[in-house]
Amino acid sequence: MRRRHLGMMALVLAILMTLTACGGGGSGGTSESTYRYLYSGEIQTMNYLVTPNIDDFVFPANTVDTLIEFDNKGQIREGLATKWDYDEEKLTWTLELREAKWIDHNGEEVADVTAQDFVDALKYALDPGNESGTVQLTFGVINNAEKYFNGLAYNGEADEDGVVWDPIDFEEVGVKALDDHTLEYTLEQPVPYFLSSLAYVVYMPAYGPQLEELGKDFATSMDKMYYNGAYYISEYEPQSHRVLTKNPLNYDADNVFIERIEAQYNAEASTMGPEMVKRGETDYAVIGSEIMDDWMNNDETKDLISRARVTTDLSYFYCFNFNPQFDAEFEPDNWKLAVNNENFRKALFYGLNKEKELAVVEPTAPENFVLNTITPKNFASLEDGTDFATVGGLGDLENTFNPEEAVKYRDLAKPELEAAGVTFPIKVLMPYNPIVTDWDKECQVAEQQLEELLGADFIDVIAQAGPTDNFLAQVRRAGNYAFMKCNWGADYQDPETWTDPFYQAAGANGYDDGMSYAFLGTSVTDGGASSDTIKEYFDLLEKAKENTNNDITRYEGFAKAEKHLIDHALVLPFSLSNSNYVATKLNVFEGQYAPFGISSYRYKGMKLRDNFISMEEFEEERAAMEDN
C-alpha cells in the first residue's frame, strides 16, 4: 500500500501558487512581504511522517527541510546535506549534514538538527502503531526496513500469507548516524532513484526526544512539533485561518523572500477569490471557465490573468472500480458484471473525448494536456536521453478517443453482457469533489458526450457531487464510484513510481488484494473475467522489478507492463495537470520544481510582486528561466 491521491489539483494550486500580497517592492519583489490567500480544503494532519495525502504536504514542504532539494529547473542541489557519496559495493549512501536548528511555534531555538533526527524519524515511521501511509516506500529500499516493520506488526506470528515475521532490533535497519553530521543509509538492493527520493516526506527528519515523548500525538497541533525549514507554523485554527512565519534561524533564510503567509478559510474560495481580486482584497484567484471570457474581454481584468506552471508531477487517469461499494440505487452488482467485460471497458475507453472534457479548464489548447500513457513524457530519461514514455511501444500510443472503435466495442459487448445477465442502461456512477474548480463541468461534459456516442439506452452516466470534506477517504478509498478521474503524484524520479497506484505484490497465496489504487481488489481472487488480465499485469511488474539497473532493459520491462494496463483498458490515461488560468502576484518560475516529491510546494526563492503577472510577463519569465 503506497501513497494515494485523488484529482484535487485545484486545491493544491490554491495553496501553492495563489497567495496574496500586502506591501510590495516593485516588479522584482521585496524581502519583506506578506502573502494572503483563501483556501477551501482543510488538511487532515500536520504529521508529515504518517500522511499520504497531497493536501497535507504544503505544511511540511515549507517547515521541514530535506536532505536534498531541487532548483527551479528540477536539478538536484544541496539541502540539509552538503555532499554525498555512494559505495556501490556496500550499497551505502553517506551524507554530510550542515549546521541547522530546530525551533518551536514561537520561533524560539530548541536544539541542533543532527543525523540522529533522521534515524529517529524513520524509526517512528516504521512503527506500525503510528500508521504511516508512506513508510512502504522504504520497503525493498532501506535494508531490513520491511523486516523490522513486520516484526513489530506480527511479533513472531504468521501474516495473511502464512509468512512468519520475527522481531528484529532496529540496529539492523539500514540507517545510522555515524556522528552528529554524518548520516548513512544502507540499501537492500541497488535503487537507481534513491537520491531523488530523499526530497519526500518519509525521509524527513524530526526531533527525536519530542517523538519519544509524544508518540502518536506528534504534530497533532502546531505546538507539538518543531521546525527547521524556511517557515514555522505560528497560527493555525482549522476552518478559520493558518499562518506561516519566516524562520530567521533557517540556514537559507537569505533566499526566503516572503516574510509571512496568511490564509483564510472560505468554503466559497473558488467563487469569492476572483471577486476579491477585482476589489483589491486579495491577490490570487483561479479564473474558472465560467468567467474566463468575461475577464479576457474586459480591459480592467485581462492583464490580471496568467497561468500556473505546467508540471509532470501528477498524472490523471480514469479508474474502473471492479469492487463497487456504492449504494444499491446505482446497481453495484450490475456494474460489477459489466466492468469485468473488456469490450465494455473499451467502449468507454475509446468513447471518452479527452480534449472536449479538458476544454472546460483549458479552452485554448486542450490537446497539449492529453496523456496517452500513465507516465508523462519527459519525466524520466536514461543518460543517452531515451525518454521512458517512448520505450516498449508506449511512444506509439495515440489519443484513445476513437468514436468508431467505441461503437464497435459497444456492439461486441452487448450480447456478452446480456448473456451475463446485465441490465441496461448500465449505471455509471461518476463522482466529483464540488470544491474543485470546474470538476463538475468536466463530468457533465463526459456524461453528455458518452451517452450521446454510446447511447442512453446502453449507459446512464451519473455525475454526482461527493462530500467536500474527506472526499478521498469517503469516495475513492471507500470504493464509492464506478468510473472516476483519479491521479497519482510521483514520489521519486523513476518509472517504477508510476506503478505504485496499481501494483499489489504477490504473497504466498498469490495476488490476494488485487490492484490497490484502482480498487480492483476482488477481481483476482473471485474468478472475475478480468482476473487473468490483472494477474498478467502483476507478473510483468514482478519481472520488471527484478532489474535494479538503470538501463534500457529496466525501462522496457516497466513499459511492457504499462502498455498491458492500457491495452486491456484496465485504466484510461487522461491528462497532465492542467495549467490553470490564475490571477497571482507570484512568478511561478522562481520556485523549486521537481516532477515528484514535495519541492514544488515550497515558497522559498519566490518573491512577491506589486502587480499581477500578465500573460505576457508569464511567457517572458518562462523564456528567461529556460534560457538561464
Side-chain angles (χ1 to χ4, degrees), residues 2-3 47-51 60 64-69 76 78-98 100 102 111-153 165-212 215 218-219 226 228 491-492 494 548 597-598:
R2 303 230 177 164
R3 178 163 66 95
N47 190 343
Y48 52 92
L49 296 179
V50 304
T51 183
V64 183
D65 279 334
T66 47
L67 289 163
I68 58 102
E69 294 182 355
I76 288 177
E78 296 177 0
L80 286 175
T82 58
K83 60 180 180 179
W84 43 83
D85 179 68
Y86 178 57
D87 187 321
E88 186 173 355
E89 183 177 346
K90 295 181 180 179
L91 296 179
T92 58
W93 282 90
T94 305
L95 301 99
E96 299 297 325
L97 310 187
R98 68 172 78 245
W102 290 109
D112 291 332
V113 176
T114 69
Q116 188 62 39
D117 294 326
F118 291 88
V119 178
D120 292 338
L122 186 56
K123 184 177 182 181
Y124 179 94
L126 284 169
D127 184 341
N130 292 324
E131 301 178 277
S132 172
T134 60
V135 70
Q136 289 84 357
L137 291 169
T138 68
F139 295 174
V141 176
I142 302 299
N143 191 42
N144 287 330
E146 184 174 15
K147 287 183 179 180
Y148 178 78
F149 180 92
N150 285 332
L152 292 177
W165 295 93
D166 293 317
I168 64 171
D169 193 88
F170 184 73
E171 292 299 314
E172 297 182 53
V173 177
V175 59
K176 300 286 185 295
L178 303 185
D179 57 46
D180 281 352
H181 296 286
T182 310
L183 177 65
E184 179 186 84
Y185 290 104
T186 301
L187 307 185
E188 199 156 286
Q189 58 186 334
V191 181
Y193 56 81
F194 180 71
L195 186 63
S196 71
S197 68
L198 295 179
Y200 192 50
V201 287
V202 74
Y203 291 105
M204 280 183 164
Y207 185 53
Q210 187 181 50
L211 285 176
E212 184 175 359
F218 172 71
Y226 294 142
N228 67 9
D491 298 322
Y492 45 85
D494 186 84
T548 57
I598 61 172

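Atom CG in Asp491 sits 11.0 Å away from atom CD in Gln136 (nearest 0.5 Å). Note that CG of Leu178 and OG1 of Thr94 are 6.5 Å apart. Values are rounded to the nearest 0.5 Å.
Sorted by first and then second residue, the salt bridge (charged side-chain N to carboxylate O under 4.0 Å, His left out) pairs involving residues 171-182 (not counting sequence neighbours) form an empty list.
Side-chain contact check for Leu97 versus Phe118: some heavy-atom pair is nearer than 4.5 Å. Using a 4.5 Å heavy-atom cutoff, the side chains of Thr92 and Tyr86 are not in contact. Annotation: side chain of Lys90 is not in contact with side chain of Thr186 (no heavy-atom distance under 4.5 Å). At least one side-chain heavy atom of Leu195 sits under 4.5 Å from a side-chain heavy atom of Trp84. No side-chain heavy atom of Leu187 sits under 4.5 Å from any side-chain heavy atom of Asn143. Side-chain contact between Tyr185 and Tyr203 is present, with heavy atoms from C-beta onward closer than 4.5 Å. Between Thr182 and Glu96, some side-chain heavy-atom pair lies under the 4.5 Å cut-off. With a 4.5 Å cut-off on side-chain heavy atoms, Lys147 and Asn150 do not count as touching.
A 6.0 Å sphere centred on CD of Glu212 holds no more than 12 heavy atoms belonging to other residues, nucleotides or ligands.
The minimum heavy-atom distance between Glu89 and Asp87, with the atom names listed, is N-OD1, 3.1 Å. Scanning both residues, Ala206 and Leu211, for their nearest heavy atoms gives CB-CD1, 3.6 Å. Shortest non-hydrogen contact noted between Leu49 and Met204 is CD2-O, 3.8 Å. Listed here is the closest heavy atom pair of Ile142 and Glu188: O-OE1, 3.6 Å. Scanning both residues, Ser196 and Tyr492, for their nearest heavy atoms gives OG-CB, 3.8 Å.
Each of Tyr207, Tyr48, Trp102 was checked for a ring pair (Phe, Tyr, Trp, His ring centres under 6.0 Å) with Tyr226, and the lone residue meeting it is Tyr207. A side chain to side chain contact (heavy atoms under 4.5 Å, CB included) with Leu198 holds for exactly one of Leu80, Ile76, Leu67; it is Leu67.
With hydrogens and angles disregarded, a donor-acceptor distance shorter than 3.5 Å links the side chain of Asn130 to the backbone of Tyr124. A donor-acceptor distance shorter than 3.5 angstrom exists from the side chain of Asp117 to the backbone of Thr114, with no hydrogens or angles considered. With Glu146 contributing its side chain and Gly140 its backbone, the two residues share no donor-acceptor pair below 3.5 Å. At distances below 3.5 Å, not a single donor-acceptor pair connects side-chain atoms of Asp494 with backbone N or O atoms of Tyr193. Judged by distance alone, the side chain of Arg98 and the main-chain N or O of His181 form no donor-acceptor pair under 3.5 Å. Side-chain N or O atoms of Ser132 include one that pairs as donor or acceptor with a backbone N or O of Val135 at under 3.5 Å.
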(request) Could you go through the side chain to side chain contact (heavy atoms under 4.5 Å, CB included) check for Trp93 and Glu184 one step at a time? (result) CA-CA 6 Å; Trp93 282 90; Glu184 179 186 84; over 6 Å; no
(request) Would you check, one step at a time, whether the test side chain to side chain contact (heavy atoms under 4.5 Å, CB included) holds for Leu122 with Thr138? (result) CA-CA 9 Å; Leu122 186 56; Thr138 68; 4.0 Å; yes
(message) Let's go through Thr51 and Thr134 carefully: what are the C-alpha distance in whole Å and the side-chain angles of both, what is the deciding distance for side chain to side chain contact (heavy atoms under 4.5 Å, CB included) to 0.1 Å, and is it a yes or a no?
(response) CA-CA 7 Å; Thr51 183; Thr134 60; over 6 Å; no
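Separation of the Tyr148 and Phe170 ring centroids falls under the 6.0 Å cut-off. For Phe139 and Phe149, the ring centers are positioned less than 6.0 Å apart.
Partners of Glu131 by salt bridge (Lys or Arg N to Asp or Glu O under 4.0 Å), not counting sequence neighbours, listed by chain and number: Lys216.
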